[in-house]
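Below is one structure, written out as structure tokens; the observations come after it.
Residues: numbered from 1 along the sequence shown.
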Amino acid sequence: TEITSSQQTANVIRLAPYCRVSSDSEDQLHSFAAQIQYYTEYAQRNPQYRLVDIYADEGITGTSMEKRDDFHRLMRDCKKGLIDRIIVKSVSRFARNTVDCLTYIRELKALGIPVIFEKEGLNTMHMTSEIYISMHGIFAQSESESLSGNVKWGKQKSAEKGNVAISYKNFLGYRQGEDGKPEIVPEEADTVQFIYERYLEGDSISLIKQKLEEQHILSPTGKQ
């Protein structure tokens, strides 16, 4: 593993983990806490590392570089000379595509900062790393396209049989019956009828919402 002259002098590697946490608001804090614990323990097991900070973006933002605020903070700190090494779980979590990945890797390499990809066992300072990353991108894209095609085919065949996917936990008035088809929930049927009646009478959505809350009627997930 290559290290810079400043690292050799101080004999300490300033480590910066980058991760993507769950985009589900209920899981995000737990996901981030788990990442903090993992990388804190990782640094403790390796005395030469000093943890600079943990940089994390929501998983859903991986498709848009403009929204990856902490990734850009990471890059700024690298340019300021605050970081010696970056560690990431996998190539797919670092950038939205192979071109972006290689662009940032080369920029960091010019600064003397390697990126370590744990899953693939890659160090971007090694000559062959870009070849492996390019191959990984090709296989990942091919797998994604194949999976997408299979899912679309499966949905099409299911629809041809008259099956419809319903998120029952967010669905008012119906539940999944024993035959797999929707069946009416009697205690929720009156609420559904009330909503339609008020709408046909000319009530706005906000007024219907207000009337439901006045009657202490909750949503399918048990919220106001």
Side-chain angles (χ1 to χ4, degrees), residues 1-4 6-109 111-126 128-137 139-141 143-144 147:
T1 303
E2 297 182 22
I3 57 176
T4 64
S6 62
Q7 292 170 2
Q8 290 174 337
T9 302
N11 201 30
V12 170
I13 299 174
R14 297 169 296 174
L15 185 70
Y18 176 72
C19 56
R20 299 247 294 276
V21 298
S22 170
S23 57
D24 188 321
S25 58
E26 295 180 0
D27 293 337
Q28 189 172 340
L29 289 176
H30 297 294
S31 177
F32 188 45
Q35 297 277 4
I36 291 174
Q37 181 179 356
Y38 173 81
Y39 285 115
T40 300
E41 292 175 353
Y42 181 92
Q44 289 173 347
R45 291 195 303 269
N46 298 273
Q48 78 272 27
Y49 290 141
R50 179 169 65 81
L51 207 59
V52 176
D53 198 357
I54 295 178
Y55 301 77
D57 287 305
E58 288 187 28
I60 197 170
T61 61
T63 56
S64 174
M65 293 304 292
E66 288 73 21
K67 295 180 181 179
R68 295 177 68 185
D69 296 336
D70 243 23
F71 182 87
H72 291 301
R73 183 169 71 92
L74 171 68
M75 293 299 295
R76 287 195 300 271
D77 286 351
C78 286
K79 292 172 184 177
K80 292 176 184 177
L82 303 177
I83 294 168
D84 298 319
R85 182 174 299 178
I86 297 169
I87 186 168
V88 190
K89 276 285 185 183
S90 66
V91 174
S92 61
R93 298 191 183 188
F94 187 68
R96 63 178 178 178
N97 56 48
T98 306
V99 173
D100 279 342
C101 188
L102 293 176
T103 298
Y104 285 108
I105 283 171
R106 288 166 184 169
E107 188 174 341
L108 291 165
K109 195 172 184 178
L111 296 170
I113 301 172
V115 181
I116 308 300
F117 295 110
E118 290 187 279
K119 182 180 178 181
E120 293 82 8
L122 294 176
N123 180 331
T124 57
M125 285 301 190
H126 295 164
T128 56
S129 64
E130 288 196 12
I131 297 173
Y132 285 114
I133 290 168
S134 298
M135 291 174 62
H136 177 273
F139 289 133
Q141 182 176 345
E143 182 179 7
S144 176
L147 179 60

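In terms of heavy atoms, Ser90 sits closest to Glu120 at CA-OE1, 3.4 Å. Nearest approach of Pro114 to Gly112, heavy atoms of both residues: CD-O, 3.5 Å. Taking both residues in full, the closest heavy atoms of Ile133 and Thr98 are given as O-CG2, 4.1 Å, listed atom of the first, atom of the second, then distance. Across every non-hydrogen atom of Ile54 and Gln35, the tightest pair is CD1-O, 4.0 Å. In plain terms, the two heavy atoms of Asp53 and Arg73 that are nearest each other are OD2-NH1, 3.0 Å. When every heavy atom of Val88 is checked against every heavy atom of Tyr39, the shortest pair comes out as C-OH, 4.2 Å.
Side-chain contact between Val115 and Leu108: present, with at least one pair of heavy atoms (C-beta onward) separated by less than 4.5 Å. At least one side-chain heavy atom of Ile87 sits less than 4.5 Å from a side-chain heavy atom of Tyr42. Looking only at side-chain heavy atoms (C-beta outward), Lys89 and Arg20 stay at 4.5 Å or farther from each other.
Taking CD1 from Ile13 and CD1 from Ile83, the interatomic distance works out to 13.5 Å, rounded to the nearest 0.5 Å. We find the CD1-CD distance between Ile36 and Glu41 to be 12.0 Å, quoted to the nearest 0.5 Å. Distance check, rounded to the nearest 0.5 Å: CG of Leu122 to CD of Glu130 gives 11.0 Å. Between Ile86 atom CD1 and Ile116 atom CD1 the span is 10.0 Å, to the nearest 0.5 Å.
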Audit row: Thr124, Lys109, side chain to side chain contact (heavy atoms under 4.5 Å, CB included) steps and yes/no
CA-CA 7 Å; Thr124 57; Lys109 195 172 184 178; 5.7 Å; no

Can Leu15 and Arg85 be said to form a side chain to side chain contact (heavy atoms under 4.5 Å, CB included), step by step?
CA-CA 5 Å; Leu15 185 70; Arg85 182 174 299 178; 4.0 Å; yes

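Not counting sequence neighbours, Gln48 has no partner by the side-chain hydrogen bond (donor to acceptor under 3.5 Å, both in side chains) test. Partners of Arg50 according to the side-chain hydrogen bond (donor to acceptor under 3.5 Å, both in side chains) rule, which considers only residues two or more places apart in sequence or in another chain, do not exist here. For Asp77, there are no salt bridge (charged side-chain N to carboxylate O under 4.0 Å, His left out) partners at least two apart in sequence or on another chain.
Using a distance-only test at 3.5 Å, with no hydrogens or angles considered, a donor-acceptor pair links the side chain of Arg68 to the main chain of Phe94. Counting only distance, with no hydrogens or angles, the side chain of Arg93 and the backbone of Tyr18 share no donor-acceptor pair below 3.5 Å. Looking at Asp70, its side chain never comes within 3.5 Å of a backbone N or O of Asp57 through a donor-acceptor pair.
Between Phe71 and Tyr104, the ring centre distance stays below 6.0 Å.
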